[in-house]
Amino acid sequence: MTSMVLGECSTSAASRLFPMGLRKDAVVLVRRLSLPRHSRASTDPPSRRTLAAGASAPASPPLSASVAIEACAKVIDGKHVAKQIRDEISAEVSRMKEAIGVVPGLAVILVGDRKDSATYVRNKKKACESVGINSFEVHLPADSKEEDVLKFISGFNDDPSVHGILVQLPLPSHINEQGILNAVTIQKDVDGFHPLNIGRLAMRGREPLFVPCTPKGCIELLHRYGIGIKGKRAVVIGRSNIVGMPAALLLQVYFYLVELCCPP
Ligand SMILES: Nc1nc2c(c(=O)[nH]1)N[C@@H](CN(C=O)c1ccc(C(=O)N[C@@H](CCC(=O)O)C(=O)O)cc1)CN2
């Protein structure tokens, strides 16, 4: 039976895929985890918040499949862990500045006017500010040419004050995503989307310089909760280039078996 489910879907979709197949101690990580009111995570410290297998739930209404999964799953407080990580990075950035006089810099390129993308970029900028990382933002109009984007990437590749480059996805459809991602130098490819970094992730004994952040974040959550994963089975639901596929590649380093599937 499956030990861990990592999904780009709701818990109810996960429960449809695994109606009976989850172990009692399974860990379910979904990107949009909406817990029912009575089991919603509160401000409890992360390491102690476990819903025991078979925990008693209110008698009415009857347990739905998704509640049944959640009742045997460990609830992970991502916000708490995020704060811990921000504090650690902040201390590291200060030490770095003191020791070698270098402040890390992140460049973010946004093309077009998608509201969700603008929000993600704004949040990345805020996160940088909160830990003392310099951020450089370029916002280009939706009808920009591929060459315009490539020009900025090339400038950031050569700029010693920029240590990481992110091109926010999706790009407008007339721009070739592959060409853009290939242009980011792998030493600054903090998204880990460059084919060389992804290729290294897929191969035994090759270390990628960077790993895509969402799957890396999921593994980090498991580590920080002391959830042992070596030798267990994992199922990844969804196979996008950004989450599902790199998640499966990353998990196969630790897990004995990783299954990748896509809900209808
Ligand atoms: N260059 C990149 N582009 C995109 C990435 C990326 O990692 N690099 N990922 C997404 C957009 N994105 C960040 O940029 C992103 C989207 C959604 C989430 C996420 O976990 N959302 C949660 C809700 C979180 C909350 O509201 O607190 C969810 O969906 O459940 C993280 C990152 C595409 N583009």
Side-chain angles (χ1 to χ4, degrees), residues 5-14 28-35 40-43 46 66 70 73 75-83 85-86 106-128 130 133 135-140 142 149-150 152-153 156-157 162-173 175-186 188-195 197-198 201 208-222 236-247 249-250 263:
V5 179
L6 191 156
E8 297 182 79
C9 63
S10 65
T11 42
S12 51
V28 183
L29 287 171
V30 290
R31 280 193 43 227
R32 194 173 293 284
L33 181 68
S34 51
L35 293 177
R40 204 175 279 270
S42 69
T43 51
S66 70
E70 281 147 8
V75 177
I76 291 174
D77 185 348
K79 282 196 174 149
H80 182 97
V81 175
K83 165 136 188 11
I85 293 175
R86 271 198 300 274
L106 175 73
V108 181
I109 300 175
L110 171 63
V111 189
D113 300 312
R114 282 181 64 118
K115 281 209 169 110
D116 56 346
S117 292
T119 303
Y120 297 134
V121 167
R122 201 168 44 250
N123 288 343
K124 288 170 197 191
K125 199 173 169 186
K126 268 195 216 157
C128 282
S130 77
I133 291 177
S135 69
F136 309 91
E137 191 188 327
V138 172
H139 189 174
L140 298 172
V149 186
L150 289 171
F152 278 101
I153 294 177
F156 287 137
N157 279 342
V162 171
H163 305 90
I165 304 170
L166 273 167
V167 182
Q168 188 62 31
L169 301 177
L171 289 163
S173 57
I175 295 181
N176 178 263
E177 182 186 293
Q178 205 180 330
I180 295 295
L181 297 180
N182 287 4
V184 176
T185 181
I186 62 164
K188 298 188 181 184
D189 173 37
V190 284
D191 258 328
F193 294 158
H194 191 286
N197 276 323
I198 289 283
L201 185 61
L209 299 180
F210 297 97
V211 174
C213 62
T214 307
K216 187 170 165 43
C218 293
I219 297 283
E220 187 66 25
L221 286 169
L222 296 174
V236 179
I237 304 166
R239 55 179 152 187
S240 67
N241 286 339
I242 292 178
V243 185
M245 185 56 78
L249 293 173
L250 186 61

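For ligands, and for the atoms within them, numbers begin at 1 and follow the listed sequence.
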Counting only nitrogen or oxygen atoms and a 3.5 angstrom limit, does [X] reach ligand 1?
X: F193; result: no
X: T214; result: no
X: Q168; result: yes

What atoms in ligand 1 come closer than 4.0 Å to a heavy atom of V167?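 Selected atoms, number and element: 1 (N), 2 (C).
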Stepwise, does the side chain to side chain contact (heavy atoms under 4.5 Å, CB included) test hold for I153 with V167? CA-CA 9 Å; I153 294 177; V167 182; 4.0 Å; yes
Nearest option to atom 9 (N) of ligand 1, as decided by whichever heavy atom of L166, L171, L169, I242 sits closest: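 It is I242 that holds the nearest heavy atom.
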Under 4.0 Å between heavy atoms, the region of C213 that gets near ligand 1 turns out to be side chain
Quick one: look at D191 and ligand 1, take heavy-atom pairs under 4.0 Å, and tell me if it's side chain, backbone, both or neither.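 Within the 4.0 Å criterion, D191 contacts ligand 1 through side-chain atoms alone.
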[X] versus [Y], closest heavy-atom pair with distance:
X: S117; Y: P170; result: OG-CD, 4.2 Å
X: N197; Y: F210; result: OD1-N, 3.8 Å
X: A183; Y: L150; result: CB-CD2, 3.5 Å

Short question: side chain of H194, backbone of D189 - any donor-acceptor pair under 3.5 Å?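 No; zero donor-acceptor contacts below 3.5 Å.
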Under 3.5 Å, is there a donor-acceptor pair between the side chain of K188 and the main chain of F156? yes
Hey, is K124 one of the residues with a heavy atom under 4.0 angstrom from ligand 1?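 Yes; K124 lies near enough to ligand 1 that a heavy-atom distance drops under 4.0 Å.
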